[in-house]
Amino acid sequence: MGNEGGKSAAERLATPIQFVKGVGPQRAELLERMNLRTTSDLLFDFPRDYYDASQLKAIGEFVENEPVSVCGVVEEIDLRNTGPGRSWLGMLVRQEKEYLRAIWFNQPWMRDRAPVGARVLLSGAPRFNGGRWELVHPRVELLDDDQTAPSGQILPNYSLTEGIRQWQMRRIVQGVVAEYSECVNEVFPEQYRDAHNLLPIGEALREIHGPRGTDSLEQARRRFIYQELFVLQIALALRKRQLTERRSSPALPATAKIDARIRRLFPFELTPAQNQAVAEIAADMAKATPMNRLLQGDVGSGKTVVAEYAMLSAVAHGHQAAIMAPTEVLARQHARTLTEDLRESRVRIALLAGSLAAAERRETLERIASGDVDLVIGTHALLHDDIVPANLGLVVVDEQHKFGVRQRAALRGSGLDPHYLVMTATPIPRTISMTLFGDLDVSTLRESPPGRAMVHTYLGEDGRRAEWWEFFRKRLREGRQGYVIAPLVESGHDDGTASVQQAFEALANGELEAFRLDLIHGRMSSTEKEAAMNAFGHGETQVLVATSVVEVGINVPNATVMTIEGAERFGLAQLHQLRGRISRGSHPGYLCAFSEAKTEESRARLEAFCSSNDGFELAEIDFRLRGPGDLFSAQQHGLPSFRIADLVRDNEVLAEARNDARTLVTESPGLSHPDFARLRDMVVRRYGRSLDLADVG
Ligand code: ADP
Ligand code: MG
């Protein structure tokens with residue numbers, strides 16, 4: 001290991017890039033634009049992909065299933081939809097007089113990797129099919145016109161900035177790797193590396209920047225992917241420990257007597273899925289450490305009932321429980337449901353809504369502080385109130401489709417920590433729940449209560465609008481109610497999509513002239529919204545023309561038809577939420593989604609929506625189609641950005657890293673063993689702040 005010139009390894013890794021061979025002040029400035037400042041930055045600037053010329057072959061030399069690289073010209077590109085979220089992409093490539101076909105399933109974006117006429121280098125394992133060689137999911141490299149494919153090597157491709165060529169970058173990094181890779185400290189003890197099949201750091205760095213072969217390259221990449229995900233999972237495991245084992249909460253066991261008393265309040269039996277969730281929650285709440293649990297389930301899957309169970313078991317022990325809803329409308333709805341269910345009991349309920357008059361509000365706060373209230377219902381604004389409940393045992397956060405979990409439960413009682421339950425109606429892809437909610441335990445309601453109507457979903461065709469509206473009117477004449485959803489378009493940003501206001505006026509004077517219509521959108525005051533919802537709920541209005549605000553909060557079983565305009569503007573999760581509004585009763589629902597979908601991805605999304613009613617399946621499809629970035633904006637939801645890991649591609653490594661991290665944190669609480677000191681430092685440096693790992697150790 002280098003100690004040359006009296007410098008420590010750490011100092012050498014901090015060497016400014018300008019002193020690296022082949023860089024100098026000018027290039028250093030260019031590199032700095034990509035945030036590359038030190039030798040260490042260069043070592044960890046992993047190639048974005050590779051130019052695999054190690055197996056360069058002519059088509060005539062192919063052998064079934066033996067990896068090849070092949071150069072050719074793109075002759076034809078063919079993209080077909082093969083089902084919801086599914087597609088087939090074929091790229092016909094010519095090499096002199098011979099042809100092969102590259103194929104990608106469900107990766108429509110690969111079409112844009114190489115245009116017709118481009119010279120490409122493809123790498124993959126060929127198979128002979130229907131008289132032609134095929135490469136399924138090959139790697140694709142675009143070749144410059146004058147670039148001949150080098151043979152016998154796998155060359156790294158780095159992200160570049162103007163003024164630096166790929167070959168120059170390769171040379172610079174090669175120099176740095178040769179001179180500095182041994183200075184990098186290993187984070188994993190040798191024994192751990194052996195047990196988990198991880199290359200030593202120096203070797204992995206050399207390999208990832210200058211692969212000797214595809215297998216060893218994969219090994220090197222796996223090490224860094226694992227490390228990145230493992231560090232996150234360690235952070236989450238530490239946070240979980242911090243939120244649970246190291247804190248105290250009241251132990252609130254659901255005794256047989258309490259259990260029976262609560263169940264008697266419901267006019268139905270709990271479903272097996274609800275019973276399972278209730279059992280998981282009861283087991284958590286019986287402990288003297290706080291519960292930290294996520295309850296996920298589709299709209300209408302019966303989450304509220306499960307939360308009610310949890311709240312009532314806190315109340316049965318003389319503790320208070322609070323539930324926070326994302327909107328005031330929803331808070332009021334929870335208040336109605338709870339008041340209704342509890343009308344025979346002595347449980348005291350208070351609604352803390354933003355629209356309360358000042359005096360009433362003050363009085364309510366006082367009752368909460370003095371313990372004269374058992375159940376507090378409010379919006380997330382409860383968090384910002386200086387409210388000190390007398391004896392808070394449980395906080396339920398109804399997130400619906402928002403994921404602001406990081407800013408969770410600052411709501412504390414005066415004594416012990418409350419138990420904590422967060423509900424989400426957006427089924428979360430497994431990968432995401434392991435990442436974003438890795439510090440929570442998860443209960444899932446996958447099946448809905450019996451008797452729930454099925455919703456028939458159609459993709460609207462412009463030529464058949466009249467037919468759909470005829471159908472819509474027919475349902476209304478039968479006594480059903482309906483929704484029309486339109487995007488809220490800001491005036492001045494009109495791009496041809498009708499705003500909700502325009503849609504309302506057009507319908508009131510056109511297709512739905514004969515019916516009682518009302519309008520609701522997020523810009524209205526909560527009193528106005530409440531009035532519109534009430535009128536609809538009582539059947540005074542027949543059709544509600546709305547923005548996606550109805551997504552949450554409305555429960556009108558008699559509403560069974562829905563038109564969605566501008567459907568391409570909504571995410572899959574949102575569309576599915578909207579659909580949930582017309583599956584509340586026993587009559588079958590009918591939904592028609594009109595769209596101006598222009599991209600492949602939005603078309604695939606809408607087709608998936610029409611062909612599946614399963615929120616979990618849709619969540620996975622959305623995740624595959626759009627990746628995590630679109631679903632969960634990182635800043636807002638705390639999903640970390642990764643240097644090399646990819647949550648869609650690396651889900652198996654993620655699961656492995658998660659198990660390993662949990663095991664390690666259990667075996668070595670706080671990661672206190674000196675062997676893991678470096679790992680611990682790295683975790684704290686990376687996530688200490690964002691995950692509030694205040695007192696690790
Ligand atoms: P979510 O909160 O998941 O959207 P809710 O708890 O509001 O779902 O339940 C939706 C509807 O289903 C409510 O009207 C509720 O009364 C009813 N429900 C819940 N659980 C059951 C059950 N086990 N059997 C029958 N109906 C149920
Ligand atoms: Mg609910």
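Just follow the structure's listing: the first ligand is 1, and inside any ligand the first atom is 1. Predicted, not measured: the structure shown is a model, and the values here were computed from it.
Ligand 1 places these atoms under 4.0 Å from at least one heavy atom of Pro449: 18 (N), 19 (C), 20 (N), 21 (C), 22 (C), 24 (N), 25 (C), 26 (N), 27 (C). Counting atoms of ligand 1 from 1 in the listed order, those under 4.0 Å from a heavy atom of Glu269 are 22 (C), 23 (N), 24 (N). Applying the 4.0 Å criterion to heavy atoms of Leu270 picks out, from ligand 1, the atoms 23 (N). Of all atoms in ligand 1, listed by their number and element, those nearer than 4.0 Å to a heavy atom of Thr271 are 23 (N).
If you check each of Ser583, Gly302, Pro557 against atom 5 (P) of ligand 1, the one with the closest non-hydrogen atom is Gly302.
Residues Arg293 and Ser443 have side chains that bring a donor and an acceptor to within less than 3.5 angstrom of each other. Side chains of Asn558 and Gln481: a donor-acceptor N/O pair is present below 3.5 angstrom, by distance only.
Using a non-hydrogen distance threshold of 4.0 Å, Ser301 registers as a contact of ligand 1. The shell of residues lying under 4.0 angstrom from ligand 1, judged by heavy atoms, includes Asp298.
With a 4.0 Å cut-off on non-hydrogen atoms, Val305 touches ligand 1 through its backbone as well as its side chain.
When atom types are taken as modelled, the side chain of Gln320 and the backbone of Asn391 share a donor-acceptor pair closer than 3.5 angstrom.
The local environment of CD in Glu652 is sparse, with at most 12 non-hydrogen atoms from other residues, nucleotides or ligands closer than 6.0 Å.
When Thr255, Ile262, Val278 are each tested for a side chain to side chain contact (heavy atoms under 4.5 Å, CB included) with Ser313, only one passes: Ile262.
Under a cutoff of 6.0 Å and an axis angle of 45°, Arg475 and Phe471 form a cation-pi pair.
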